[in-house]
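What follows is one structure encoded as structure tokens, with my remarks underneath.
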Protein chains: 2
Amino acid sequence: MKEKDQEKTTRERIFEAAVMLFAQKGYHGTSMRDLARAVGLKESSLYNHFPGKSSLLEAVLAYQLEGFQAASALMEEMEETGPVFNDPVELWIAGAGAFMEKLPPLTETIGLILHNEMFLDDQCGRFVLHELFRVRKELTEKLLRRMHAQGLIRYCDFTKTAAQYVHMLHGLEMENRLRRLEGAGVEELQARLMEQIVHFIDGLRNKEN
Amino acid sequence: MKEKDQEKTTRERIFEAAVMLFAQKGYHGTSMRDLARAVGLKESSLYNHFPGKSSLLEAVLAYQLEGFQAASALMEEMEETGPVFNDPVELWIAGAGAFMEKLPPLTETIGLILHNEMFLDDQCGRFVLHELFRVRKELTEKLLRRMHAQGLIRYCDFTKTAAQYVHMLHGLEMENRLRRLEGAGVEELQARLMEQIVHFIDGLRNKEN
DNA sequence: GTCTATAATCTGATAGAC
DNA sequence: GTCTATCAGATTATAGAC
């Protein structure tokens, strides 16, 4: 159903332009006039596709939620059929990479919008707290427990260690986004991300191996 | 010079109200009208104390910068005269607590403003990147090295471990701020913060002790 | 320093022709 | 669905009386 539909609908073009503008100038800093100019339409035409400005933000949130849930579902599916690792770092890197590849294209940009809006918009705040903290910590803890059961990592407080990992990832993501705005290269930032993840998992390695 | 000056100046009242409003509704979401109403003045009177809205944000940044630098200076001073610890966790908790106590009263609220604005305002972005990431990582790394030299913690990659700690702290702070907006108690969040810090430092402990 | 009055612009949103 | 025209209200900021 995506083969013959090469061109984007007007609604999609408006949505994508809104995502870019919200990420760049903030939700409050973006006017319907800005958006109309970016899409190449008149302001009034936007209202044929979205009932108002706030509905655009809701659509952005819905997109992100769907993306995360679809990626998570694919991960669970793959978990049973995927390869078996006997090294914790290799396992982790492969899993994290697979998950990120499954996320929709606008996910990273919308992540920036959520960061900007999480303390100003209730819905954004709840989304970040639930999807980006609670759910991720639970998944991480489950994975750590399984790795320990397989003898890949040593024993530790898995709940606190999972929290530590998720918090570190958020802090690192924050710094990398700031560095990107200051002109840092994407591959350099990706390398830093990997380095820190490896350092974390490596610290949990079972020394008896 | 602070004894006889009990009452706040109008400029200070405007500044503090701006801090509260910027943190609550965002910089773009706060109008000079909102601010005037909060202070109990007419809009035009605000311009007798600040030349414009943007200068208020600049004043907020200056306040935060001065607060951090003053607290850092006091810490360095205390470092030589302070008590000696033979437990890494005790040392760390005492140091972190002492630093936080030295920060000015509005620091935490301004931290929220910076979080909201760091990707929208260049100056805010540079402030966070430098003061809250680079400087903190350097200080943390220095402290880790000293603790290792004293035999309190085991050897590790101090640069990466310092980065891991600072990133974790930022992620945890983010989650705690969200939880506070959702109604969580301050003492509960403070306990969670301490728990995670202790878990981190405890993991670095020298096992031979 | 504070006020009233006002300027000039921008805001999200609607009505109605085509 | 897109356009022109328009609205009512909000926005930052200034001028000038007191």
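Letters A, B, ... mirror the listed sequences (proteins, then strands); counts begin at 1. The structure presented is a predicted model; accordingly, all values stated were derived computationally and were not measured.
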Salt bridge flag under 4.0 Å for residues B:Glu141 and B:Lys137: no
query: Can any side-chain N or O of A:Arg13 pair as donor or acceptor with the backbone N or O of A:Val39 at less than 3.5 Å?
result: yes
- prompt: Atom CD1 of B:Ile14 and atom C1' of C:dG1: how far apart are they, to the nearest Å?
  reply: 10 Å
message: When you measure from the side chain of A:Thr30 to the backbone of A:Lys25, do you find a donor-acceptor pair of N or O atoms at a distance under 3.5 Å?
response: no
query: Once each nucleotide of nucleotides 3-17 of chain D is scored for protein heavy atoms under 4.0 Å, what B/S/- sequence comes out, 5' to 3'?
result: BB------BBBBB--
query: Any side-chain donor paired with an acceptor under 3.5 Å for B:His167 and A:Gln196?
result: no
query: Any chance the rings of A:His170 and A:Phe133 have centres within less than 6.0 Å?
result: yes
- prompt: In this structure, which one of B:Glu175, B:Glu108, B:Glu188 forms a salt bridge (Lys or Arg N to Asp or Glu O under 4.0 Å) with B:Arg180?
  reply: B:Glu108
message: How many whole angstroms separate atom CZ of A:Phe50 from atom C1' of C:dA13?
response: 16 Å
- request: Could you tell me whether A:Glu79 and A:Arg146 make a salt bridge, using a distance below 4.0 angstrom between a side-chain N and a carboxylate O?
  value: yes
- prompt: For the residue pair A:Trp92 and A:Tyr165, does the interplanar ring angle fall in the parallel (under 30°), tilted (30 to 60°) or perpendicular (over 60°) class?
  reply: perpendicular
statement: Where DNA chain C forms runs of at least three Watson-Crick or G-U pairs (i with j, i+1 with j-1, under 3.5 Å), the stems are C:1-18 with D:1-18
